[in-house]
There are 2 protein chains.
Amino acid sequence: MSTAEETAGGEPQPWGEVSPDAARRLLVAAVEAFAERGYHATTTRDIAGRAGMSPAALYIHYKTKEELLHRISRIGHEKALDVLRTAADSEGTPAERLAEAVRSFVRWHAGQHTVARVVQYELDALGPDARAEIVALRRQNDAAVRQIIQDGVAAGDFDVPDVKGTTVAVLSLCIDVARWFNVNGPRTPDEVGALYADLVLRMVRATK
Amino acid sequence: MSTAEETAGGEPQPWGEVSPDAARRLLVAAVEAFAERGYHATTTRDIAGRAGMSPAALYIHYKTKEELLHRISRIGHEKALDVLRTAADSEGTPAERLAEAVRSFVRWHAGQHTVARVVQYELDALGPDARAEIVALRRQNDAAVRQIIQDGVAAGDFDVPDVKGTTVAVLSLCIDVARWFNVNGPRTPDEVGALYADLVLRMVRATK
DNA sequence: GGGCACTCTAAGCGCTCGCTCACCCTCGGC
DNA sequence: GCCGAGGGTGAGCGAGCGCTTAGAGTGCCC
């Protein structure tokens, strides 16, 4: 992993492979601005300014402001899905896999909460085609979590009367971390991840 | 309860006491528009148009577009807090009170998901003073839920190692319903409320 | 060292935004 | 029948928006 992909905290930045350099700076600036003020309240002049460039420079690398949001959404979702799948597909009991999935997914949403906020709350600003692409990625999150819960039920390790509903609730719980998590708050992403993994195991009444 | 405060589903509309009639129509139109497209993407022409009025009419009843959002946020929060408190302060065991609080709070966020979305996701569009007022209301939500959990722990009915963290998670779970709930989806607000009440009792390992 | 591709800027176009203003209609009190 | 107050409208202002264009600087290949 290159240094460009890692922060001081060790959490991988999702933009490592974006090039050229100016395009990456614009993308990072757009994430910050969108997360702070929302897509519609952010101006192209603001994004370009944060990246240290003139407003016109943005249009050399991206066709529209919406293309920036689309790229952020896709890369962000892909990275989060990658984190979730790695944990879901690992070895171990369903309880271990579920705990690890929640722990790492929550850690991502807390550590990368600026990206996650954009990705989760600005979906409606995308056009129909782009939105459909992102929604498809989300369904894969759902499928990954549901699979673990089903495995646990089948093995007799979980007691879950409503698998679909519980899946929705687990994902909802993890995703909403991006909304309330505060870097200056009392908890680190690791701590929130550990707390939430425990809470989710309680929700499925894991017995081992 | 007057007919103006009730929909076909029986859920009370929060705008019953807003007058005159034109001001209420504008408020309802603004909630719809803000929920659909977000505060910044909604134009005053759109709001006035939905209320069947000219753009200028809006400024007879509200000083600015932001005042509309402020009023929606305050009324929405007050109604939700009212629902939560009524359940939290009722008689019964901590488990019964927690279940009823989650059930009614979730039902409100599902049934009034347009209002709830505006209230939860457009907070940053408010100025500092208005935002501070809304944040204070939110803290009362937190206090109400935490009190029930503490009561349950004190009575020996709950097993909760981290009361503050669990409180945050429970509220987060309920609030996020407003984001994903879909009127055309497979579940009614009542059903989601019942499912979530059960899940939360599992989270605190309620024994009676 | 001339030509070219790439990157970036200053200036500004056309448009829509939040909001205002001058004026009109309706209606209750006398 | 007249008046004043309050709710409404059509037109439009100044500002800021997303985005474009003409042209300048820079490095690389031959």
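Quantities reported herein were computed from a predicted structural model and do not represent experimental measurements.
Close approach of DNA chain C to chain B, defined as any atom under 4.0 Å from a non-hydrogen atom of the protein, starts and stops at C:dC17 to C:dC21. The footprint of chain B on DNA chain D, defined by a heavy-atom cutoff below 4.0 Å, extends from D:dG8 to D:dG12.
At a threshold of 4.5 Å between non-hydrogen side-chain atoms, the residues A:Val135 and A:Leu123 count as touching. Side chains of A:Glu78 and A:Asp82 form no contact here, defined as non-hydrogen atoms less than 4.5 Å apart. You'll find the side chain of A:Glu32 stays beyond 4.5 Å of the side chain of A:Thr114, heavy atoms only. With a 4.5 Å cut-off on side-chain heavy atoms, A:Leu126 and A:Glu133 do not count as touching.
Ion pair B:Arg97/B:Asp151 flagged as a salt bridge, since at least one NZ, NE, NH1 or NH2 atom sits closer than 4.0 Å to an Asp/Glu carboxylate oxygen. Electrostatic pairing of A:Arg179 and B:Asp176 does not count as a salt bridge here, judged by no charged N lying under 4.0 Å from a carboxylate O. Using a 4.0 Å cut-off between charged side-chain N and carboxylate O, A:Asp142 and A:Arg138 make no salt bridge.
Looking at A:Gln140 and A:Arg85, their side chains do bring a donor and an acceptor atom within 3.5 Å of each other.
Residue whose closest nucleotide on DNA chain D sits further toward the 5' end, between A:Ala41 and A:Lys63: A:Ala41. When each of B:Glu66 and A:Arg45 is assigned the nucleotide of DNA chain C with its nearest heavy atom, A:Arg45 is the one assigned upstream, toward the 5' end.
Using a 4.0 Å heavy-atom criterion, one finds that A:Ser54 contacts the bases of the nucleic acid, with or without backbone contacts as well.
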